[in-house]
Amino acid sequence: MTVLITGGTGKTGRPLATVLRERGIAVRIASRHPADDPDHVRFDWADPDSQRRALDGVDRVYLVPPVGVTDPMPQVGPFLAAAAGRRIVALGSSAMLPNAPGLAEYRARIASMPGCAVLRPTWFMQNFTGRHPVADGIRERGEIVTATGSGRLGWIDAADIAAVAAHALTSDEVADEYLLTGPEALSYGEAAAIISEITGRPVRHRDMTVGELARRLSAELPADFAAGLAAMDEHIREGGEDRTTSTVQDVTGRPPRSFRDFIRAELG
Ligand SMILES: NC(=O)c1ccc[n+]([C@@H]2O[C@H](COP(=O)([O-])OP(=O)(O)OC[C@H]3O[C@@H](n4cnc5c(N)ncnc54)[C@H](OP(=O)(O)O)[C@@H]3O)[C@@H](O)[C@H]2O)c1
């Protein structure tokens with residue numbers, strides 16, 4: 001079995017490669033800038049030839065769609081056609097951006113393909129530590145700015161998403177969708193308090209209105225994407241992400257990592 005890992009240098013692709021290799025499964029790590037390594041392959045959503053070459057000799061695919069777009073289907077649709085007959089496990093998200101029918105189609109199309117699955121994780125714990133506006137705000141100003149109020153999310157470690165992806169790619173039984181969370185739901189204010197406690201450096205959550213956030217984001221991002229992100233904060237504020245699921249435990253046999261353990265390991 002050989003698994004092509006698109007987004008192979010990213011937050012979920014990298015730990016997925018590690019898990020599959022530990023199980024003796026051959027991986028092909030896709031990147032626009034592949035390392036000089038026989039397991040790495042050039043792959044660009046803007047270059048269909050690179051996609052066809054990356055698929056050659058591959059049985060299964062981990063699919064991370066083009067990032068930062070509200071309609072991935074113009075690129076993903078032809079890729080799915082080129083990958084026909086292979087098992088595809090695709091990264092999606094727990095929430096759906098409103099007014100983004102392309103994202104809904106992406107999810108529905110893959111979930112309906114026999115033997116294929118969509119992973120629907122909630123927000124990543126890595127947003128607090130990696131290259132992300134939340135992590136930047138913590139590092140630069142000791143502040144997290146959102147429009148989420150006291151709404152909670154079931155933060156998940158990307159490594160737990162990768163563990164479920166490894167299962168879905170390799171096991172005999174595969175579900176259409178996996179709704180993935182960590183073990184507890186926390187608001188940004190509660191997350192900030194845990195980070196302050198563990199790092200000894202004050203971090204606070206500053207709330208703003210959804211309208212203010214939309215104006216701020218639209219200065220930096222395409223208008224439709226900015227509006228979608230602001231609507232996501234509204235969805236969180238209204239309690240739409242205040243839940244946990246047992247999927248990581250059910251699938252992997254071990255509990256997902258807690259936010260506290262993640263922050264202690266990454267920032268403590
Ligand atoms: N962050 C969250 O809280 C969250 C929550 C739910 C779902 N998600 C989903 O997670 C996904 C990944 O998000 P992320 O921003 O954290 O990214 P990531 O997976 O950490 O990194 C993005 C990956 O995409 C690859 N990539 C970028 N542009 C590409 C292109 N033109 N062609 C081929 N590959 C390309 C990059 O590889 P190279 O640079 O090596 O080419 C990189 O490996 C998104 O689909 C997002 O919707 C995120």
Side-chain angles (χ1 to χ4, degrees), residues 4-18 27-37 39-55 61-76 78-79 82-83 89-97 100 102-104 106-107 110 118-136 144 146 148 153-162 164-165 177-182 185-186 188 191 221 225 228-229 232-233 235-236 240-241 243 245 247-248 256 259 262:
L4 172 66
I5 304 178
T6 70
T9 57
K11 296 184 190 77
T12 57
R14 200 183 285 268
L16 174 61
T18 303
V27 295
R28 191 173 290 176
I29 295 167
S31 166
R32 288 166 298 172
H33 313 287
D36 186 12
D37 178 310
D39 288 349
H40 289 236
V41 64
R42 199 180 88 77
F43 180 96
D44 193 330
W45 283 113
D47 178 358
D49 282 344
S50 74
Q51 298 165 24
R52 276 191 290 276
R53 280 195 293 273
L55 281 167
V61 178
Y62 179 64
L63 197 167
V64 176
V67 287
V69 299
T70 51
D71 184 4
M73 287 314 285
Q75 285 137 312
V76 172
F79 177 76
V89 174
L91 185 62
S93 64
S94 59
M96 293 298 293
L97 283 173
L103 282 171
Y106 164 78
R107 173 170 139 194
I110 294 163
V118 179
L119 308 182
R120 295 185 48 217
T122 183
W123 276 240
F124 298 177
M125 293 180 186
Q126 276 74 5
N127 296 354
F128 291 87
T129 58
R131 287 186 54 200
H132 190 277
V134 170
D136 293 343
I144 302 167
T146 76
T148 56
L153 304 109
W155 304 101
I156 187 165
D157 179 0
D160 287 322
I161 303 169
V164 174
E177 289 197 349
Y178 295 85
L179 188 60
L180 304 173
T181 74
L186 297 167
Y188 277 97
L221 296 169
F225 199 65
L229 289 179
M232 284 288 102
D233 272 29
H235 165 74
I236 295 165
E241 291 295 312
R243 67 183 158 201
T245 67
T247 314
V248 172
F259 187 76
F262 174 82

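When a ligand or atom number is given, it counts from 1 through the structure's own listing order.
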Heavy-atom gap Gly92 to ligand 1 smaller than 4.0 Å:
yes
Would you say the ring centroid of Phe262 lies under 6.0 angstrom from that of Phe124?
no
Does Pro66 have a heavy atom less than 4.0 Å from any atom of ligand 1?
no
of all protein heavy atoms, closest to atom 10 (O) of ligand 1 is Leu91 CD2, 3.2 Å
Please state whether the rings of Tyr188 and Phe128 are parallel, tilted or perpendicular, taking 30° and 60° as the class boundaries.
tilted
At a 4.0 Å threshold, what atoms of ligand 1 neighbour a non-hydrogen atom of Ser31?
38 (P), 40 (O), 41 (O)
Nearest non-hydrogen contact to atom 30 (C) of ligand 1 from the set Arg32, Arg120, Met232 belongs to Arg32
Report, in ascending order of atom number, the atoms of ligand 1 lying under 4.0 Å from any heavy atom of Ser93.
6 (C), 7 (C)
To check your reading of the model: name the closest protein heavy atom to atom 8 (N) of ligand 1, its residue, and the distance in Å.
Phe124 CZ, 3.5 Å
Roughly how far apart are Asp136 CG and Asn127 CG, rounded to 0.5 Å?
11.0 Å
Strictly less than 4.0 Å: does any protein heavy-atom distance to atom 48 (C) of ligand 1 fall in that range?
yes
Is it true that a side-chain atom of Arg14 and a backbone atom of Thr9 form a donor plus acceptor pair closer than 3.5 Å?
yes
How close does the nearest protein non-hydrogen atom get to atom 1 (N) of ligand 1, and which residue and atom is it?
Asn127 OD1, 3.0 Å
Nearest-option assignment for atom 44 (C) of ligand 1, heavy atoms, candidates Val67, Thr122, Thr9
Val67
Given side chain to side chain contact (heavy atoms under 4.5 Å, CB included), test Leu180 with Thr122 step by step and report yes or no.
CA-CA 6 Å; Leu180 304 173; Thr122 183; over 6 Å; no
Please work out whether the ring planes of Trp155 and Phe259 are parallel, tilted or perpendicular, with thresholds of 30° and 60°.
tilted
Side chains of His132 and Gln126: is there a donor and an acceptor less than 3.5 Å apart?
no
What about Trp45: any of its N or O atoms under 3.5 Å from an N or O on ligand 1?
yes
Can you tell me which residue and heavy atom of the protein come closest to atom 15 (O) of ligand 1, and the distance to 0.1 Å?
Lys11 NZ, 3.9 Å
